[in-house]
Amino acid sequence: GIVVDPMKSADDAMQMVILGVCVTIMMESALITVQLEAQKAELWLQDLGEILRSGKCPSGVASKFAGRLAFAVCRGTDRCGRAYLKPWFAQAAAPKQYDHITPQLAWACRWWMIFLETRPAKRVHAHMSLRRHVVTWSDASGLSRRLAGFIRVDGVYLWTEATVPDYVWDQLLDRQDNQIGFQEMLAVVMMAETFASELKGSLWSCFIDNQGVLMAIVKEACRSPGANYAVANLWLRMTVGKIGLQALRVESRASVADGPTRDEYRMVQ
């Protein structure tokens, strides 16, 4: 009952640009692809560059960017970049004196500029039966800084392990828990990097035994600055690799990755 602009009509349209997002429907293969429109990306890139150069961002501009990025990127790419929306909302709700930007907003501007410059390939939304299904288990041991992970792909199990290097460890804020939460997050990142070719284009069921890390990945944001940045870049990897990430809870005793972090290799053997 509402007449819309003919240019916005969806009748028989297999491709439309909606609020800066180019959406394509592929009926024959039951797929929908989503990608940020090139012209919008270029315009927003220029605006972000000006914000960084001037060091200022009025609340109205921050509010517009929060809305643009929340829909055009986060909605279409399974929350990619959501961790870098917080500074925009903060600037919109409580701008600093003379509209000066915070260090957090400056970081957000730089991250979004990288995203807009690369404009990752089209995000594919498909029925899960059309995707290759890959399952992983990852874990970490706080005191020893050991990370381990297993992957099941095409009926074959592979595994990997690593120790958190000093150059990463030295960047973390002091905590009294051996950085266990961040290490659990790094274990997931390790899996994404180590098995990038196996995960590409797949539905990834990622089993984690740390509830905090699990919720950070599901929400694509958390309070810890380091983990917040890590999870943001993890989701960017998912977007670029066209990976459908499904984070799931597993009890520690049921995780096959638990042993190698404690020098126990019976399950590996």
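Computed from heavy atoms alone, side chains included, the values below leave out hydrogens, waters and symmetry copies. Positions are given from 1 along the sequence. For clarity, every value in this text was computed on a predicted model and none was experimentally measured.
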task: Measure the acute angle between the ring planes of F207 and W137, then classify it against the limits of 30° and 60° as parallel, tilted or perpendicular.
output: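 Parallel, since the angle between the ring planes stays under 30°.
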message: Does the plane of the ring in F115 sit parallel, tilted or perpendicular to the ring in W112? Use 30° and 60° as the thresholds.
response: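 Judged by the thresholds at 30° and 60°, the geometry between F115 and W112 is perpendicular.
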Is any side-chain N of the basic residue among [X] and [Y] closer than 4.0 Å to the acidic one's carboxylate O?
| X | Y | value |
| --- | --- | --- |
| R145 | D166 | yes |
| R253 | D209 | no |
| R132 | E198 | no |
| D139 | R146 | no |
| E42 | K40 | no |

Using modelled atom types and a 3.5 Å cut-off, is there a donor and acceptor pairing between side-chain atoms of [X] and backbone atoms of [Y]?
| X | Y | answer |
| --- | --- | --- |
| Q91 | H100 | yes |
| S63 | S59 | no |
| K86 | C222 | yes |
| N210 | G212 | yes |

query: Just how far is it from atom CD of E161 to atom OH of Y265, taken to the nearest 0.5 Å?
result: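 Interatomic distance, E161 CD to Y265 OH, rounded to 0.5 Å: 3.5 Å.
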Looking at side-chain heavy atoms only, is the closest gap between [X] and [Y] below 4.5 Å?
| X | Y | answer |
| --- | --- | --- |
| W235 | M238 | yes |
| F65 | L85 | no |
| F150 | V135 | no |

field: Hydrophobic cluster membership, I180 vs M191, 4.5 Å side-chain cutoff
entry: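 No: no chain of side-chain contacts under 4.5 Å links I180 to M191.
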Side-chain H-bond candidate by donor/acceptor type, H133 with S202, under 3.5 Å: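 The criterion, which ignores hydrogens and geometry beyond distance, is not satisfied for S202 and H133.
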- prompt: Are the aromatic rings of W111 and Y84 close, with centres under 6.0 Å apart?
  reply: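 Between W111 and Y84, the centre distance is under 6.0 Å.
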Other residues, nucleotides, ligands: >12 heavy atoms within 6.0 Å of Q211 CD: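 Yes.
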